[in-house]
Structure formats: structure tokens, C-alpha cells
Amino acid sequence: MVHVLAFEKPVVDLVTRIKELRALAGADERLVGELRRLEEKSALLAREVFQNLTAHQKVQLSRHPNRPYTLDYLSRLVTDFVELHGDRRYADDSAIVAGLATYHGRSVAIVGHQKGRTTKENIERRFGSPNPEGYRKAIRIYELADRFGLPILTFIDTQGAYPGIEAEERGQAEAIAAALEVMSKLGVPVVATVIGEGGSGGALGLGVANRVIALEYSFYSVISPEGCASILWKSAEKAAEAAARLKITAPHLLELGIVDALVPEPPGGAHQDHDAAARFLDQALADTLRSLDGMDRQALREDRYRRFRGLGAHIA
Amino acid sequence: MNDAPALVNRGPISGTSLDSRLVRSGLPGLRNPELPRLVTFPEKTPAQPLDGEKRSIGKGVFGKCSNCGEVFTADHLAQHFQVCPACGQHHQLGIDAWRRLVLDGGELEMWEDHILPMDPLGFFDGKTYTARLETAQAKTRRTEAIEVGRARIDGSVVAYGCFIFAFMGGSMGSVVGERITRLFERATRDHLPVVLLHASGGARMQEGILSLMQMAKTCAALGRFREIGKPFLSVSLHPTTGGVAASTALLGDVNIAEQGALIGFAGPRVIENTLRTKLPPGFQRAEFLLSHGMVDIVTPRTELKATLSLLLKHLGGAVT
């Protein structure tokens, strides 16, 4: 299913037309020049439209149903992926995927939120909103990686931890808190990437990293714009205003020191071209991981502690 | 906010006090016999529930229990630390009363009171964040939503902190996060146990993503504190939810919950709206957490100090 947001329609229309033309043209040499011109025009139009996106529009992009999810990136970024399941306490939560993989020639541990592509899959994965078991599985993988000296790559993409009766019964708050403490003590490099939605504590449970990078149209917030609007403005309709006031888009995050680098997305957003999005991410991720080379366990711990210790704004 | 000055000479309460037995027995017959049976109110000014924010005429004179509806003089309720003498319902207790209840002589050597809030996002939601801070400061006579410092509990020196729910719902922004972090760092340096009383709606929206990061910052500081072999006694008061529940509140070496307190990650209304269902009675209450294995001890307010004291004795918080 192709979903098109109102503001991206002109870009999507043009991209679709180019695809059709290319199919029609086949090997016809005469049309190659024409196609190139159209492609350039499309890129220009995308840049124009996307330059002036509001915070709320960026939030919509970050939630776009065609946007690449953790497994879409993994299939393009890593090889030898072995998925590991379960928290050894209660269940396996498929809202978080975890495992081991080879990335640029070395073994790494992977932990990422995973949304579903179909309704069935989304019900199973709770739209990427983890239960406590998800965080406990993550903790297990963090500790495994720590013992075996593997760098950890996390991928953040969740509306937030699941607000359910059973989640509360099984200690959602404690599970997230424990993840924060465990991450803060790891003696291996940790790089977190915000690939879509960075929803509150549910995102942070994968976010206590040495470096945090964010995709151009991702966001990271203490509360969803809708949640904030309904509490502070007493109306969910004010979500657009809340999105702007909360300063949650990637450029703001960079400015506030919440993320260390931004990853550009292909024209029209990551969902227009998963391969290109993965290529851009690969570049940033490999660079970031390399920048942590040569730090020993204590240095990595200290680096991470200092990074988060410095976040906040207060007088004196 | 419901503090009455009448109590100053009374001294710290101990776990075996008459008060706590009264509360636990819950017998109406044990109510203060001096209280007149017939109380006359000023015309058209019904007693206001203790938990309500709006109290107009008659303020500070009478208080009505939000559970059983019994009416008491404010002084009488203050003597009982806002625990209803009739039914044992725990009402919100002010920050000064918490000191008197938990700390020897009610004394706290305040730390980090010079760490003050600012408005990093220039946040506006019909009112500026700066204006909201000023209102909260005037109302609570405190600089932020937590006070921390050095104190004694039955002689044991501890690093102590207590959230101030009346200050913007006890929400955690940069200052609360910074003060908790410094509390753990200082306790680590000085080899002190940490006793932290939580009461908070969660992270403070007005400081946006910076508030969220305080969760990571405080948990990292707690992580370092673990290495010195002193206990972290975490107390969750009513309510402890959201980002505060999901950081230090449930990571105590021992988790204590105040009787009846609401403790959980997602707010009950959020869950109801997501699942489109009514929640079972007692859901996310202290007793619910106890039965699900999330806290060690549920205690009435009046026994909190005795409980802390005993735990400090066992876990190496001996008098130094």
C-alpha cells in the first residue's frame, strides 16, 4: 500500500510519473535525457517542499507507513544477522528485535524497535510499542554484548512503551529504568540511531549511548505532540502547535545537544527510497562507530556518563 | 501546603506511636475525643476536599476527608500528618511536614538550592513557562520541585531528597534531574546512604526533551552510587508515575511504597483511552505493586520513619 500525505503529493506524483516513463522508455536512448531532466526537477521540487516543512509535518513523515523500519535497514546494512529472542523471564516481545550481526567486518549486537507493515504484524508487534519483556530482552542483549566485547547498535522507532494493563502488572517502569542504568554502565561502544519516532521513555530505553544520531525527518520527544496538546491545551487538535513548541525535530535535537549528528534522507524522505536511506545511514553509522575506536572500557563508560551528565538547562 | 505550624513542638513521630496504631486500627471510636461533635460552618461555605486546589473561605480551619467525608479541624489533621483519623485515608502532605515526619528534629541541611530553573525552549502554552515557575515558587515557597540535602534518620546520616508534588506536579525538569544526580554523586563521595521520596507526575513537558534526558542522567548517577556499598532506599508516594517511576523510583535496593499511592508508568487515563476499557479497582496502587512483586514494603505514612530506620540499620547506614 502506498500512503501519500497531502503535503508530499506533488513530489510523489512526479516520482511516480518518472517511474512510469522509465518503464515505457525501456532502452529508448532518446528518452534518457528527458528522464534525467524530470529527475532533476523532482529532486528540486522535493527540496523546495521539504525545506519548509512544519514540525508537525515532519512528525507525520517520521510515522509514514512506508518508512523503513529497523529490519529494513538491517537487511541492507548488516550480514550474518542472527535474531535472538526472549527475556528469559516471561516472553519474547516482538516490538523489539535484537540479535547479532556483522557490520563492516566486525560482529555487533543489534537492538531496535520494530513496527509492523501489515495489520496482523502490527497487532503482534503492538505498532512497535514494547512491553516490559522488550526492555528486559534488550538488557539481556546489552549485557551479552558487554561480556563479549561487541559494539551495540540500537535503532529507535516507537510511539512509546505500551500503556497496557499487563505491561503495568509486569513492571513497565522498572523495566525501562533498569535498561537506563544498565546502558549507562556498559564497557562497549554504543551508538543509537533515531530512525523514526523517538517516543519518550520507551525510546530512551534504547538511547543511553555514547553517540546518538538522528535521521533528518525523525523526532525525539518527552511526550507525543498529541499527548502534550491534550494535557496542556486540553485539546488533541493543538498537536501541531505542541509539536512546534516542544522543539522535537532533528535540527532542534542537534542544537540542544540531544543528538550528535544528523543523517540526511533521500529527496522526499526515507520512505521514497529505502536503499538510498540505508546508504546514507550506513555512512553516518560507520563513521560514528569508528570515532569510538581506541577507547577502552573505562573510557567508554566515562564518555557516556559525561555525555548525559551534561544534558539539561539550569542556572548555576 | 496543608502544613500547620501548630505541630512544631511535637517532635518526630516514631513507628510505634499512638498515631500509627490509631491509623491502623481504623476504629472510628478512637477519633480525637476532644473534637466537638457539632461543627458550625460559615454560611454557604462547605468544607473543601483536602486534595482540591481551590479552597476559599474557611481555608486552613477545617478539612474534609476525601474518602469518608468526615470533617476535622485543620490542626487536628496536621497532627495526624494528613492521615484521616477516621478512615486512614492518606492525603497530600506538604514538604515541611515530610521533613518533620522523616528527619530527626525535622532538620535538613539543604544542598544544591542554588541550582535554579530556566526556560530553555521559551515554552508557551497560554502562559509562559517562566510565569508558571514563578507561580509554583510563590505557592510552595521552594525554588524547584525537589529538595535535597544531608539529614539524620534516628541518628543515621543520610543523603535525603523529597519531591514537592505541589510544585508543578513534582515534575522532573533539568533542575530536579540535576539535584538528584548531585545527591547521588555527593552520597557516593561521602559514603552516605540515599533516602529519596518520590511524588511526581513524570517528566516536565515545558522543558521538552531535556526533561526526558534527566531520566538517563539520574539513573547513570545511581549506577555509580551502587559501587560504594551503601543502600538506596526508594520511597514512592502518591502519585509516582511516568518518567520518574521509570527512573530512580523503582530501582531502590529496597522499594517502599506509601499505602494507597498510585505508582506506574502510564497514567490510568492513558491506559483507559488506549484500551477503551475500565481499569480494575486498586490498579497501580501500592498494594497492587506489592502483590505483583514490584515493591518490597507497603507502609502507612506514620510508619515510614521506623521502616527506614530499620533498613538503614540492616544495610549499613549505621550512625557515622
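Contact of B/A249 with chain A is not made at all, since no heavy-atom distance falls under 4.5 Å. With a 4.5 angstrom heavy-atom cutoff, A/R170 touches chain B only via backbone atoms. Contact of B/F124 with chain A is made through backbone and side chain together, with heavy-atom distances under 4.5 Å. Contacts of B/R226 with chain A are made by side-chain atoms alone, with heavy-atom separations under 4.5 Å and no backbone atom involved. No part of A/I248 comes within reach of chain B, as not one of its non-hydrogen atoms sits under 4.5 angstrom from that chain. Looking at A/S221, the atoms closer than 4.5 Å to chain B (heavy atoms on both sides) all sit in the backbone: N, CA, C or O. Using a 4.5 Å cut-off between heavy atoms, B/I115 touches chain A through backbone and side chain atoms alike. There is no contact between B/P268 and chain A, counting heavy-atom distances below 4.5 Å. Contact annotation for A/L246: both backbone and side-chain heavy atoms come within less than 4.5 Å of a heavy atom of chain B.
Contact tally against chain A (heavy-atom pairs below 4.5 Å) for B/R204, B/M215, B/E178: the top residue is B/E178. Ranked by heavy-atom pairs under 4.5 Å with chain A, the first of B/L121, B/I271, B/D119, B/L212 is B/L212. For the set B/E207, B/E185, B/Q206, the count of heavy-atom pairs under 4.5 angstrom toward chain A peaks at B/E185. Listed options B/I209, B/L210, B/L250 were ranked by heavy-atom pairs under 4.5 angstrom with chain A; first place goes to B/I209. The choice from B/T274, B/L251, B/V175 that makes the most heavy-atom pairs within less than 4.5 Å of chain A is B/L251. Comparing A/P163, A/G312, A/A178, A/G160 by how many heavy-atom pairs each has under 4.5 Å with chain B, the most go to A/P163. Considering only heavy-atom pairs separated by less than 4.5 Å from chain B, the leading option among A/I258, A/V208, A/I223, A/L256 is A/I258. Between chain B and the options A/R307, A/E302, A/R304, the largest number of non-hydrogen pairs under 4.5 Å is found for A/E302.
Counted within 6.0 Å of CZ on B/R269, heavy atoms from surrounding residues, nucleotides or ligands total 12 or fewer; the atom is thus considered open. The neighbour count for A/R297 CZ, taken as heavy atoms of other residues, nucleotides or ligands under 6.0 Å away, is above 12. Atom CD of A/Q159 has 12 or fewer heavy atoms from other residues, nucleotides or ligands within 6.0 Å.
Between B/R224 and A/E181, no side-chain nitrogen of the basic residue sits less than 4.0 Å from a carboxylate oxygen of the acidic one, so the salt-bridge criterion is not met.
Taking each heavy atom of B/A245 and A/A173 in turn, the nearest pair found is O-CB, 3.5 Å. Of all heavy-atom pairs between B/A216 and A/L180, the closest is N-CD1, 4.2 Å. B/S211 and A/V222 make their closest contact through CB-CG2, 4.2 Å (heavy atoms, listed as atom of the first residue, atom of the second, distance). Between A/F308 and B/K217, the shortest heavy-atom distance links the atoms O-CD, 3.3 Å. The two residues A/L311 and B/Q214 come nearest to each other via the heavy atoms O-NE2, 3.1 Å. When all heavy atoms of B/C219 and A/S184 are compared, the pair lying nearest together is O-OG, 4.4 Å.
Under the 3.5 Å distance criterion, the side-chain polar atoms of A/Q172 are left unmatched by any main-chain donor or acceptor of B/G264. A donor-acceptor distance shorter than 3.5 angstrom exists from the side chain of B/S174 to the backbone of A/A313, with no hydrogens or angles considered.
Atom CD of A/E168 is separated from atom CE of B/M294 by 10.0 Å, given to the nearest 0.5 angstrom. Here the CE-CG distance, from B/M213 to A/L204, works out to 5.5 Å after rounding to the nearest 0.5 Å. Rounding to the nearest 0.5 Å gives a distance of 11.0 Å between CD1 of A/I231 and CG of B/D125.
Put simply, the side chain of B/F265 does not reach to within 4.5 Å of the side chain of A/E174, judged on heavy atoms.
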